[in-house]
**Q** 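Here it is: the structure, laid out below.
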Amino acid sequence: MDDEIMTAHSDISIESGDPKEIYSSEEISFLDPGKIPKHIAIIMDGNRRWAKQRDLPPMMGHWEGAEVLTDVLRAASELGVKTLTVYAFSTENWVRPDQEIEALMNIFELYLVRKRELMIRDGIRLNAIGDLSRLPVNVRNAFQQTKKATESCEKINLVLALNYGGRDEIRRAVVKILEEHDQQEIRSEDLTEEFIAKHLDTSPWGDPDLLIRTSGELRVSNFLLWQISYAEIYITDVLWPEFSSKHLLEAILAYQGRSRRIGGTS
């Protein structure tokens, strides 16, 4: 990563003081409090395009995207969302240029360290899905320290998908099941959907109710392939660094305007 980029943006902001309410009472009045999605998943797409539009290096878009995550997390918490799962780094992202990967890892470490106190203050419990073993040691250490520091927080779960791929998650779940079978026989009738789901990374939080994808792309990009079977999908053309609490509210209002039918059609 270029020195001037690190110097200019290594100061991921650390907010202090009591957080102000994000939404007005009028905005809240549009929502049905009984239909708030408890688990939202987000494909945070468009960081590099945002940077390109401004003639900036790709990592500048990633820095801006990290700050947006903090704002969106607060907004989700204020609305009563209990879990926010975000696609931070996929198993396919390793094909990107080495300099960009190094920059992303630096961002992850700085975010995890510098947002730690804010997470504790705002009741954010940190966790992750994916195969973290391939991440640099400094990133894994920062994650484990922040995870431990926030383990008693109860307002909202932030689940980072790091080195995550939906197919790889299912593969790893099969491996876990086979290892259990080596210890104790698992019969074919034991292989229910519930049994398989218990071996997925997301088992502590369940399936998302709503999947949001920014930047207008109409694909799921190997994200939560098992879990989004019945999720409502909301696509916005807004690039992730421009996504705001207002856009989150719009997504939830769209979700509430739909009739969810699991196992049937209209």
Side-chain angles (χ1 to χ4, degrees), residues 1-15 41-48 50-51 57-73 83-122 124-153 156-169 171-172 200-205 221-224 240-241:
M1 178 187 260
D2 295 339
D3 290 342
E4 65 264 27
I5 295 171
M6 276 298 293
T7 301
H9 291 83
S10 61
D11 59 338
I12 289 181
S13 61
I14 309 171
E15 297 82 349
I42 304 180
I43 300 176
M44 306 181 294
D45 195 18
N47 289 343
R48 294 195 292 178
W50 180 89
M59 54 279 287
M60 300 289 275
H62 297 312
W63 283 109
E64 190 66 26
E67 286 300 328
V68 166
L69 175 57
T70 300
D71 296 337
V72 171
L73 186 60
T83 300
L84 191 68
T85 300
V86 297
Y87 210 2
F89 192 85
S90 77
T91 50
E92 290 80 14
N93 286 156
W94 294 106
V95 302
R96 292 185 177 182
D98 290 344
Q99 184 182 31
E100 184 178 352
I101 292 174
E102 182 181 357
L104 280 165
M105 296 303 154
N106 285 330
I107 291 170
F108 293 150
E109 182 184 12
L110 282 170
Y111 187 90
L112 291 166
V113 171
R114 301 195 178 196
K115 298 295 187 181
R116 189 175 297 153
E117 292 304 318
L118 179 145
M119 290 183 190
I120 295 170
R121 184 197 72 185
D122 289 349
I124 299 165
R125 183 192 292 122
L126 177 70
N127 220 306
I129 57 175
D131 180 5
L132 273 60
S133 65
R134 191 174 173 184
L135 300 178
V137 173
N138 58 314
V139 175
R140 280 183 277 147
N141 287 342
F143 167 75
Q144 291 298 340
Q145 290 165 13
T146 304
K147 177 183 176 182
K148 182 173 179 56
T150 62
E151 62 186 2
S152 297
C153 297
I156 188 170
N157 298 300
L158 170 60
V159 183
L160 301 177
L162 293 167
N163 191 30
Y164 174 88
R167 290 182 176 183
D168 181 66
E169 178 191 23
R171 179 195 65 79
R172 288 185 287 105
L200 296 174
D201 295 351
T202 53
S203 61
W205 310 283
S221 297
N222 198 20
F223 186 47
L224 302 177
W240 177 249

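All values reported here derive from a predicted model rather than from experimental measurement.
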**Q** Applying salt bridge (charged side-chain N to carboxylate O under 4.0 Å, His left out), can you list everything that pairs with D168, at least two apart in sequence or on another chain?
**A**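 Here the qualifying residues are R171, R172.
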
**Q** Could you pull out the closest heavy-atom pair between D201 and G130, with the gap in Å?
**A**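 Here D201 and G130 meet closest at OD2-N, 3.0 Å.
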
**Q** Who passes side-chain contact (heavy atoms from CB on, under 4.5 Å) against Q145, sequence neighbours left out?
**A**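 Only R116, N141 meet the side-chain contact (heavy atoms from CB on, under 4.5 Å) criterion with Q145.
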
**Q** Assess whether side chain to side chain contact (heavy atoms under 4.5 Å, CB included) is satisfied between W205 and I129, documenting all intermediate values.
**A** CA-CA 11 Å; W205 310 283; I129 57 175; 3.8 Å; yes

**Q** Taking side chain as C-beta onward, heavy atoms only, is N47 less than 4.5 Å from P58?
**A**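 No. Closest side-chain heavy atoms not under 4.5 Å.
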
**Q** Can you check whether D45 reaches Y87 side chain to side chain, under 4.5 Å on heavy atoms?
**A**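 Sidechains of Y87 and D45: no contact.
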
**Q** Salt bridge (charged side-chain N to carboxylate O under 4.0 Å, His left out) with R96: which residues, sequence neighbours excluded?
**A**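 By the salt bridge (charged side-chain N to carboxylate O under 4.0 Å, His left out) rule, R96 matches E100.
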
**Q** Would you please name every residue forming a side-chain contact (heavy atoms from CB on, under 4.5 Å) with V68, sequence neighbours left out?
**A**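 Scan of V68 (side-chain contact (heavy atoms from CB on, under 4.5 Å), adjacent residues dropped) gives V72, W240, F243.
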
**Q** Could you tell me which non-hydrogen atom of P57 sits nearest to which non-hydrogen atom of A51, and how far apart they are?
**A**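 It is O-CB, 3.3 Å.
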
**Q** CD1/I156 to CZ/R125 distance, rounded to the nearest 0.5 angstrom?
**A**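 Taking CD1 in I156 and CZ in R125, the distance rounds to 11.0 Å.
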
**Q** For T91, check side chain to side chain donor-acceptor pair (under 3.5 Å) against everything at least two apart and list the hits.
**A**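 T91 satisfies side chain to side chain donor-acceptor pair (under 3.5 Å) with no residue once adjacent residues are dropped.
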
**Q** Do V86 and L160 make a side-chain contact, defined as non-hydrogen atoms from C-beta onward lying under 4.5 Å apart?
**A**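 Sidechains of L160 and V86: in contact.
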
**Q** Looking only at heavy atoms, which two atoms of T150 and L126 are closest? And how far apart?
**A**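 T150 and L126 have their closest heavy atoms at OG1-N, 3.0 Å.
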
**Q** Just to verify, what does F143 make a ring pair (Phe, Tyr, Trp, His ring centres under 6.0 Å) with, not counting sequence neighbours?
**A**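 In terms of ring pair (Phe, Tyr, Trp, His ring centres under 6.0 Å), with neighbours along the sequence ignored, F143 is linked to no residue.
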
**Q** Identify, with sequence neighbours excluded, every residue that meets ring pair (Phe, Tyr, Trp, His ring centres under 6.0 Å) alongside W50.
**A**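 Counting only residues at least two positions away or on another chain, W50 forms no ring pair (Phe, Tyr, Trp, His ring centres under 6.0 Å).
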
**Q** Measuring from F89:CZ to H62:NE2, what's the distance to the nearest 0.5 Å?
**A**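 Rounded to the nearest 0.5 Å, the CZ-NE2 separation comes out at 9.0 Å.
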
**Q** Taking all heavy atoms of M59 and all of I107, pick out the closest pair and write down the distance.
**A**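 Heavy atoms only, the tightest pair is O-CD1, 4.1 Å.
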
**Q** If the condition is salt bridge (charged side-chain N to carboxylate O under 4.0 Å, His left out), which residues does R167 pass it with, not counting sequence neighbours?
**A**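 Scan of R167 (salt bridge (charged side-chain N to carboxylate O under 4.0 Å, His left out), adjacent residues dropped) gives none.
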
**Q** So, for M119 and C153, which heavy atoms are closest and what is the spacing to 0.1 Å?
**A**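 Result for this residue pair: O-SG, 4.0 Å.
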
**Q** Determine whether I42 and L84 make a side-chain contact, defined as any pair of heavy atoms from C-beta on separated by less than 4.5 Å.
**A**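 In contact.
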
**Q** Please name all residues satisfying side chain to side chain donor-acceptor pair (under 3.5 Å) with E109, sequence neighbours left out, ordered by chain then number.
**A**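 Result, side chain to side chain donor-acceptor pair (under 3.5 Å) vs E109: N138.
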
**Q** State the CG-OG1 distance between L158 and T146, to the nearest 0.5 angstrom.
**A**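 Output value for this atom pair is 10.5 Å.
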
**Q** Quick one: list whatever passes side chain to side chain donor-acceptor pair (under 3.5 Å) with T83, sequence neighbours left out.
**A**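 Counting only residues at least two positions away or on another chain, T83 forms a side chain to side chain donor-acceptor pair (under 3.5 Å) with N157.
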
**Q** Partners of Y164 by side chain to side chain donor-acceptor pair (under 3.5 Å), sequence neighbours excluded?
**A**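 If we apply the side chain to side chain donor-acceptor pair (under 3.5 Å) test to Y164, skipping adjacent residues, the hits are E169.
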
**Q** What's the separation between atom CD1 in I101 and atom CD in Q99, rounded to the nearest 0.5 Å?
**A**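 Output value for this atom pair is 11.0 Å.
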
**Q** Between S221 and F223, is there a donor-acceptor pair closer than 3.5 Å when you use the side chain of the first and the backbone of the second?
**A**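 Checking the backbone N and O of F223 against the side chain of S221, no donor-acceptor pair under 3.5 Å is found.
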
**Q** Between N222 (side chain only) and G166 (backbone N and O only), is there a donor and an acceptor less than 3.5 Å apart?
**A**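 Present.
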
**Q** Would you say the side-chain atoms of N163 pair up with the backbone N or O of D131, donor to acceptor, closer than 3.5 Å?
**A**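 Yes, N163 side chain to D131 backbone: donor-acceptor pair under 3.5 Å.
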
**Q** Is the shortest side-chain heavy-atom distance between K115 and E67 below 4.5 Å?
**A**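 Yes, side chains in contact.
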
**Q** Can you name the closest pair of heavy atoms from A41 and L224 and give their distance?
**A**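 So the two residues come closest at CB-CD1, 3.7 Å.
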
